[in-house]
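See below for the structure under consideration.
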2 protein chains.
Amino acid sequence: MTGGEKRRQARIEQVLDAAADCFVEFGFHRAGMAKIAERARMSPGHIYHYFENKEAIIAAIVDRESARAAERFAEFDAVDSAQLATVMTERAIESIAQKTDILQSALNMEMLAECQRNPEVAEIIQRHDRYIRDQLAHLIHDKLGLDRAEARTDMMMVQFSGLANRLLRNPDLDLKNIVGLMRQTMLSILSPAPVTKGE
Amino acid sequence: MTGGEKRRQARIEQVLDAAADCFVEFGFHRAGMAKIAERARMSPGHIYHYFENKEAIIAAIVDRESARAAERFAEFDAVDSAQLATVMTERAIESIAQKTDILQSALNMEMLAECQRNPEVAEIIQRHDRYIRDQLAHLIHDKLGLDRAEARTDMMMVQFSGLANRLLRNPDLDLKNIVGLMRQTMLSILSPAPVTKGE
DNA sequence: CAATAAGTAGAATGCTCATTCTAAAAGCAA
DNA sequence: TTGCTTTTAGAATGAGCATTCTACTTATTG
């Protein structure tokens with residue numbers, strides 16, 4: 001990479017970091033380009049040398065955040081089968097317990113609201129989700145040798161997103177009290193026990 | 001109620017219906033007063049005779065939607081204990097399966113994003129959530145005779161919100177395939193089985 | 001050291017939108 | 001009907017904001 005390209009990449013990161021900050025604080029729509037520019041320590045007009053418009057920044061943020069989420073899920077690949085439910089539980093709780101991820105949740109909600117109206121955002125979110133799902137399903141099917149891997153995958157993901165959601169509605173939620181139940185629940189989802197088919 | 005009050009109430013409902021429509025379609029911020037007024041078949045300025053400002057409309061919508069959600073949960077009160085997990089599962093799936101509730105989900109995401117920045121909205125959401133939680137916890141504790149009712153309640157609610165969330169990320173999700181697992185999961189949450197305490 | 005290019009700033013533009021204001025229409029009491 | 005209040009409309013106001021434009025500064029290259 002040449003010096004110029006490096007500089008350019010650094011500037012783009014600067015914009016994305018500033019934008020993420022603003023989006024968390026104000027939301028996609030009330031975060032003005034002026035504010036983003038200020039936080040990125042550059043002029044508003046200059047941002048347009050790196051992004052075509054604000055939509056493109058939103059898309060880039062959604063992409064970056066989704067990719068990071070996917071990375072975090074990829075780590076489960078290395079986990080011992082017997083420990084999977086426990087490790088996932090700890091991870092779900094721990095990732096939520098950090099203040100940063102509570103804010104992260106708000107950004108996630110913003111993204112999910114946006115994807116109802118912005119097909120490009122929807123496409124990005126769904127692509128990353130599919131990737132995570134494929135990884136997890138592969139894990140559940142090949143490593144744990146379970147049937148209905150797709151359904152189990154989706155149920156596992158229900159736990160993750162549900163927990164994040166929950167904390168927004170009930171900020172007083174004491175995570176320590178539900179960690180046991182969460183582990184039991186995940187174990188139940190990952191158990192080969194016969195399940196009555198839904199009619 | 002006098003004729004005038006009735007008329008006024010009807011107009012207010014008209015505005016709320018129109019606003020809900022617009023909020024789902026465009027989001028809180030890009031839904032203009034002009035558009036809302038058009039859908040409510042009245043002039044923009046006129047809306048200000050019923051609501052102080054747009055924030056107040058948002059607050060009213062959040063309140064109305066949360067109250068409706070609470071109503072739906074209240075119905076579980078009448079359900080036979082043995083059937084509770086099954087009925088809740090069916091309800092979760094069924095309420096999601098309806099197209100209207102997919103849109104509803106988007107509005108919910110919008111609300112949750114908003115509550116990070118708007119304390120009034122946060123207060124409304126949390127108040128209704130507390131109400132739902134109390135009802136459910138009472139059900140679980142008194143009717144099912146289970147311990148740790150609060151934790152179980154929260155986990156049940158994780159399932160509901162998680163499922164809605166999931167469908168936004170994966171619109172191709174086949175609900176039929178997970179209904180069995182969802183029931184098993186809810187049963188597990190509502191089973192008295194000993195649970196290893198989280199460390 | 002030119003001289004061209006790349007990077008940067010910040011003001012100007014033009015649009016959208018919440019909110020306010022003025023006045024017309026409709027209900028209503030006498 | 002007449003005068004008074006309530007309801008309604010729709011234009012005017014003014015702020016905020018994405019985007020564009022012009023010009024300045026810094027790097028790069030021959």
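What you are looking at is a predicted structure, and each value in this text was computed from that prediction instead of being measured.
Atom CD of B/Glu38 and atom C1' of D/dG10 are 14 Å apart (whole Å). Rounded to a whole Å, the CZ atom of A/Arg7 is 8 Å from the C1' atom of D/dA27. Here D/dA27 presents its C1' atom at 17 Å from NZ of A/Lys6, a figure rounded to the nearest Å. With rounding to whole Å, A/Tyr48 atom OH is found 17 Å from D/dT22 atom P. The CE-C1' distance, from B/Met33 to D/dT13, rounds to 16 Å in whole Å. A straight line from CZ of A/Arg8 to P of C/dT8 spans 10 Å, rounded to a whole angstrom. In this entry the distance linking NE2 of A/His46 with C1' of D/dC21 reads 15 Å, nearest Å. Across the protein-nucleic acid pair, B/His49 atom NE2 and C/dT22 atom P stand 13 Å apart, rounded to whole Å.
B/Gly32 comes within 4.0 angstrom of the backbone, heavy atoms only, and of no base. Within 4.0 Å of B/Tyr50, counting heavy atoms only, lie sugar-phosphate atoms of the nucleic acid but no base atom. Within the 4.0 angstrom heavy-atom criterion, no nucleotide atom of any strand lies near B/Ala37.
Residues B/Val15 and B/Ala40 approach most closely at CA-CB, 4.1 Å, considering heavy atoms.
Ring pair B/Phe23/B/Phe28 is perpendicular by interplanar angle, where above 60° counts as perpendicular and below 30° as parallel.
B/Ile47 contributes atom CD1, which lies 4.5 Å from atom CE of B/Met33 (distance to the nearest 0.5 angstrom). Of the inter-residue distances, the one linking B/Gln116 atom CD with A/Glu25 atom CD reads 11.5 Å to the nearest 0.5 angstrom.
For the pair A/Arg30 and A/Glu52, both in contact range of DNA chain D, the more 5′-proximal nearest nucleotide belongs to A/Arg30.
For the OP1/OP2 pair of D/dT8 and a distance below 4.0 Å, the side-chain nitrogens and oxygens of B/Arg11 include at least one atom meeting the criterion.
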